[in-house]
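Here's the structure we're looking at; comments come further down.
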Amino acid sequence: MSKEITSRAADYSQWYNDLVIKGQLADYSAVRGCMVIKPYGYRLWENMQAALDKMFKDTGHENAYFPLFVPKSLFEAEEKNAEGFAKECAVVTHYRLKTDPSRPGKLMVDPEAKLEEELVVRPTSEAIIWNTYKGWIQSYRDLPLLINQWANVVRWEMRTRLFLRTAEFLWQEGHTAHATKQEAIEETKRMLDVYADFVENWMALPVIKGVKSANERFAGAEDTYCIEALMQDGKALQAGTSHFLGQNFAKAFDVKFSDKENKLDYVWATSWGVSTRLIGALVMAHSDDDGLVLPPKIAPLQVVIVPIYKGDEQKASINMKILPIIKELKELGISVKYDDSENSRPGWKFAEYEMKGVPVRMAIGARDLENNTVELARRDTKEKKTVSMDGISLYIKSLLEEIQQQMYNKAKQFREERITTADTWDEFLKALDEKGGFVSAHWDGTGETEEKIKDMTKATIRCIPLDNLEEDGHCILTGNPSRERVLFARAY
RNA sequence: CGGGACGUAGCGCAGUCCGGUAGCGUACCAGGCUGGGGGUCUGGGGGUCGCAAGUUCGAAUCUUGUCGUCCCGACCA
């Protein structure tokens, strides 16, 4: 990377960190590589959870919870999966502390309390879950088994970034078992569609659905489907994955069922997950220099009302006008905060709520009382408008919908402008360096070529789009024949 | 684990080169004038300068060690 690009990347990192921290979403914690999600950020996550959870239930899934710890022997049962995660596992080896004789008042690990078998802190839960499924599945009548869990996982990454890659993170992981391969593949794709639907329609972030190359595939999967989003610095971000696991885990954990003909077979599996990383995606994709810009459908707070007044008398008359409006807004299911605190002045409040990305701000003062108006400001465009108080609630409701749609359109346009078709190596490099974003190019299908391209450019194959057209061409690097284009990008 | 930067009041920083017992902005507390984009005035509280050892009459400042954080790499579905 050139010096300029390096420093630009550093600036972008700084911009991103500031947004997360000043936007009140999260903070660094005392634990290296971990973060504290603050109440405002957690409300955002709760809103995302609620929408996703409903979608999971609408597609027939149920929630359950499995242990945080995975005995090492279980963890290593599916070898590819274990190998893929081995380098980033936190491991519990002892179960007791004792006072340290050499340091008064301090504690040490009690060497007498060594566990007979180490416990791996789950980096993902396939192992413990499939070990459990073994006891739950005997017959085709037990299938499909459609379970989701909301949990935390730990992956001891060398380098971390708020939300995008932390040592511990929150997510959901779905784990399903099916009688046929066909049904499992359908489930894999169905959940990919659920994710795409959620990210596009709730987070206002367009995604590309595709399948991963072998190099990028989930450890232990037959196929990894993914949704890829584009950030404002031109780098791609994997927003969610859905894996077709074949019979790998069923075989590793000996999960068999009797079909209608009483024949024994291994079940077919899927797993799928999205995490708090989505919050990072949200921040990177929509925010501007004034702070966060949150899509109305998941914003912790959709409308903030700031009164502007001199003295108690004016305040009282504003209250009289505003309280019924607040009631109306709430009845329409809109979350609203009336910030009449005396601690800070209107200008300060404006800036504060902009930083936090509240989609709509309503200001009301003496001038408005005379004219029966309020001032509405929308966060995404920073446009301000004075509108009549009559029918204001319905007006705001439609404004929120408009903001949601416009945020999506803007992000989509941004992405469309950054999908480049490259037919030569020069075009490929030029697109990556000057424009960023996705580069659609032919590839000879080998892992070696993919690896070489990664070494030379830092770009990886983000996915092979599901809606790809067949097209004869030649690999961008080797010139070998290719039948379809894949999407390359530098990624988070 | 390599390269770089940095640890001084809740937060952001100056002071370190050239040693003399700690300062600015902001936030906080009390009160006044204010109030349509981060107001203003007055008064006040808060820091053993990351930690440890050394040099010195004297260390935020010099030396050595150590711990930690961030950025860039390596690593990462």
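No hydrogens, no waters, no symmetry mates; every other heavy atom, side chains included, goes into these values.
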Side-chain N or O of A/K87 closer than 4.0 Å to phosphate OP1/OP2 of B/C76
yes
Take atom C1' in B/C67 and the same atom in B/U56, then report the distance between them in whole Å.
26 Å
Polar atoms only, N or O, under 3.5 Å: list the protein pairs with nucleotides 28-35 of chain B and their distances.
from: B/U34; atom 1: O2; to: A/R345; atom 2: NH1; distance (Å): 2.8
from: B/G35; atom 1: OP2; to: A/K310; atom 2: NZ; distance (Å): 3.4

Do A/R415's NZ or CZ and the ring of A/F438 fall within the cation-pi criteria of under 6.0 Å and 45°?
no
Fit a plane to each ring of A/F253 and A/F249, take the angle between them on a 0 to 90° scale, and name the class: parallel (under 30°), tilted (30 to 60°) or perpendicular (over 60°).
parallel
Tell me which nucleotide, if any, is Watson-Crick or G-U wobble paired with B/C11 when both distances must be under 3.5 Å.
B/G25
Report yes or no: is the cationic atom of A/K212 (NZ for Lys, CZ for Arg) under 6.0 Å from the centre of the six-membered ring of A/F218, at an angle within 45° of the ring normal?
no
In B/S/- notation (B base, S sugar-phosphate only, - none; protein heavy atoms under 4.0 Å), nucleotides 6-11 of chain B written 5' to 3' is ------
If you count heavy atoms of other groups shown closer than 6.0 angstrom to CG of A/D312, is the number above 12?
no
Within the distance-only criterion (no hydrogens, no angle test), does the side chain of A/S287 pair as donor or acceptor with the backbone N or O of A/V283 below 3.5 angstrom?
yes
Quote, to the nearest angstrom, the P distance that separates B/U66 from B/C76.
29 Å
Roughly, in whole Å, what's the span from CZ in A/F218 to P in B/C76?
15 Å
Ignoring backbone atoms, test whether A/K458 places a side-chain nitrogen or oxygen under 4.0 Å from the OP1 or OP2 oxygen of B/A74.
yes
Paired nucleotide for B/A30 [Watson-Crick or G-U wobble; both distances under 3.5 Å]
B/U42
What is the distance, to the nearest angstrom, from the CD atom on A/E216 to the C1' atom on B/C75?
13 Å
What interatomic distance, in whole Å, is found between C1' of B/G12 and the corresponding atom of B/C28?
15 Å
Separation of B/C76 P from A/W171 CH2 (nearest whole Å)
17 Å
Between CZ of A/F350 and P of B/G36 the distance, given in whole Å, is 8 Å
Which one is paired to B/C57, where only Watson-Crick or G-U wobble pairs with both distances under 3.5 angstrom count?
B/G20
Can we call the ring centroids of A/F85 and A/W156 under 6.0 Å apart?
no
Please tell me which of A/M158 and A/E375 maps to the more 5' nucleotide of RNA chain B, matching each residue to the nucleotide holding its nearest heavy atom.
A/E375
The side chain of A/R165 lies closest to which of these nucleotides: B/C76, B/G38, B/G36?
B/C76
Can you tell me how far P in B/U8 sits from the matching atom in B/C70, rounded to whole Å?
14 Å
With rounding to whole Å, what would you report as the distance between B/G15 and B/C62 at their P atoms?
12 Å
So that I know where these two stand, are A/F428 and A/F488 an aromatic pair - ring centroids less than 6.0 Å apart?
yes
B/C29 and B/C71, which share atom name P, separated by this distance in whole Å:
32 Å
With respect to the side chain of A/Y28, which nucleotide from B/G36, B/G37, B/C71 is positioned closest?
B/C71
Atom NZ of A/K454 and atom C1' of B/G73: how far apart are they, to the nearest Å?
13 Å
Rounded off to whole Å, could you give me the CG-to-C1' distance for the A/D339 and B/G36 pair?
16 Å
I need the CD1-P distance between A/I21 and B/C71, as an integer number of Å.
9 Å
When both distances are under 3.5 Å in a Watson-Crick or G-U wobble arrangement, the nucleotide paired with B/G47 is none
Closest-nucleotide ordering on RNA chain B, the 5'-leading residue of A/R367 and A/P123:
A/R367
Distance in angstrom units between A/E157 CD and B/C1 C1', rounded:
15 Å
C1' spacing across the pair B/A59 / B/G50, given as an integer number of angstrom:
16 Å
So, are A/E342 and A/K315 salt-bridged, with charged N and O less than 4.0 Å apart?
yes
In Watson-Crick or G-U wobble terms, with both distances under 3.5 Å, the base opposite B/U69 is B/A5
Quick check for you: among B/G36, B/G38, B/C70, whose closest atom lies nearest to any side-chain atom of A/N17?
B/C70
Between B/G4 and B/A9, how many Å separate the two P atoms, rounded to a whole number?
26 Å
At 4.0 Å (heavy atoms only), tell me whether A/K384 reaches a base, stays on the sugar-phosphate, or touches nothing.
base
Report yes if the side chains of A/L68 and A/V121 come closer than 4.5 Å at any heavy-atom pair, otherwise no.
yes
Can you give me every donor-acceptor pair (side chain of residues 370-377 of chain A, partner residue at least two apart or in another chain, under 3.5 Å) with its distance?
from: A/N371; atom 1: ND2; to: A/R367; atom 2: O; distance (Å): 3.2
from: A/N372; atom 1: ND2; to: A/D390; atom 2: OD1; distance (Å): 3.4
from: A/T373; atom 1: OG1; to: A/D368; atom 2: OD1; distance (Å): 2.8

What is the nucleic acid contact for A/R361, judged by heavy atoms within less than 4.0 Å: base, sugar-phosphate only, or nothing?
base
With A/K382, which of A/D288, A/D289, A/D290 fulfils salt bridge (charged side-chain N to carboxylate O under 4.0 Å, His left out)?
A/D290
Which is true for A/A366 with a 4.0 Å heavy-atom rule: it touches a base, it touches only sugar-phosphate, or it touches nothing?
base
Heavy-atom count check: over 12 atoms from other residues, nucleotides or ligands less than 6.0 Å from A/E79 CD?
no
